[in-house]
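Sequence positions, counted from 1, serve as the residue numbers for this chain. As the structure lists them, so they are numbered: ligands from 1, and atoms in each ligand from 1. The basis for the numbers below is simple: all heavy atoms, side chains too, and nothing from hydrogens, waters or symmetry mates. Keep in mind the model is a prediction, meaning the values are calculated, not measured.
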Amino acid sequence: MKLTFAPFELHLKHRFTIAKFSRTSTPLMLLQLEHEGHVGYGEASMVPYMGESLQTATDFLNRVDVSQFKLPFDYASIIDYLDNIQPGNPAIKAAIDIALHDLEGKLLNQPCWQLLGSQPENMPVTSYTIGIDTPEIFRQKVEEAAGYKAIKVKLGSADDKQLIEIVRSVTDVPLYVDANQGWTNREASLDLVYWLHGQGVQLIEQPMLKTDPDSNAWLTERSPIPILGDESVQRLGDVDKAHGVYHGINIKLMKSAGMFEAKQMIARARELNMKILIGCMSETSCATLAAAALAPRCDWADLDGPLLTSNNPFAMPEFNNGKWMLNDYPGLGLKNS
Ligand code: MG
């Protein structure tokens, strides 16, 4: 088996601002695992606030010995091996895991969604995310989003209500809200939650600081809208910690170290009767199709990476009626553009 990798700068269509950060592009590491004439594709998206970089990814990959990966892939042993090289680094571990899944599907001539036991007919719609902006530009972005079946709005500024009112003056599609830890006061947050409930908001991500489980749990206990942990939930061990603090979790492959552990997180969350959103960072078709293979097992999907970026190096997957379409191609179903 041969591993090759190269950095790629993924550009966003619009400057993207959330409660604590703002950016116009995202560094990726794209990798390929080649075996017996088949190539598996993987991707790491390294948004700056998660702590990984092209340098940490390169250093990590230089320590990976691909002779460890024997067919059929024992993903539990592989993730142990990767965790033993160095803890953390979930995005570059995800890139390896995604490439292995793509390769395995190609070697077995089966699509990944089938290998993972997902039912394509259960695919949820994907929300289209709109970052914090001036009211004029925000309205323009909402108008551009006509046609998507759900909109996610980043809140956590002083203008939260105004932004929602702008959305509602344009469309009545289901709304998801992400505060990205930006809310501070419990009672004010609860008032806002009830107001958002009246506006048709269906879920709220990470209202308060991830380091303050008590305030998040206080709000969850009282909220008529499902509250989901995102920044506070990264890998499998975090699902149990989120139980009792949030109604559900936001799983992202770039946090979970890939598809294998994401599948385990889904199973554990279901055991705990928790809701599941599957989300993404700024990603190409590669990591998006990897997450889409698991999305039918989740309640909601926020897999808008390819919709928000302008230089996706792969072909755009089929997107129909607000949903990613899973195809019958072996592996992820990725096509080169
Ligand atoms: Mg979030």
Inset, instruction - Sort and list the pairs that fulfil salt bridge (Lys or Arg N to Asp or Glu O under 4.0 Å) and have at least one residue in residues 101-129, not counting sequence neighbours. - result: Asp102-Lys106
Inset, instruction - Could you note down all residue pairs passing side-chain hydrogen bond (donor to acceptor under 3.5 Å, both in side chains) where residues 250-271 supplies at least one of them, sequence neighbours left out? - result: Glu205-Asn250, Asp230-Asn250, Asp230-Lys252, Asp230-Lys255, Arg235-Glu261, Asp240-Arg268, Arg268-Glu271, Arg270-Asp299
Inset, instruction - With sequence neighbours excluded, tell me which residues meet side-chain hydrogen bond (donor to acceptor under 3.5 Å, both in side chains) with Lys275. - result: none
Legend entry - Ring-ring centroid check His101 Tyr75, cutoff 6.0 Å: yes
Inset, instruction - Would you sort out whether Arg23 and Thr26 count as a side-chain hydrogen bond (donor to acceptor under 3.5 Å, both in side chains), showing the intermediate values? - result: CA-CA 8 Å; Arg23 67 180 193 279; Thr26 308; 3.1 Å; yes
Inset, instruction - Around the Mg ion (ligand 1), list the protein N/O/S atoms within a radius below 2.8 Å, excluding water molecules. - result: Asp178 OD2, Glu205 OE1, Asp230 OD2
Legend entry - side chain to side chain contact (heavy atoms under 4.5 Å, CB included) assessment of Leu28 paired with Leu54: CA-CA 7 Å; Leu28 307 183; Leu54 290 175; over 6 Å; no
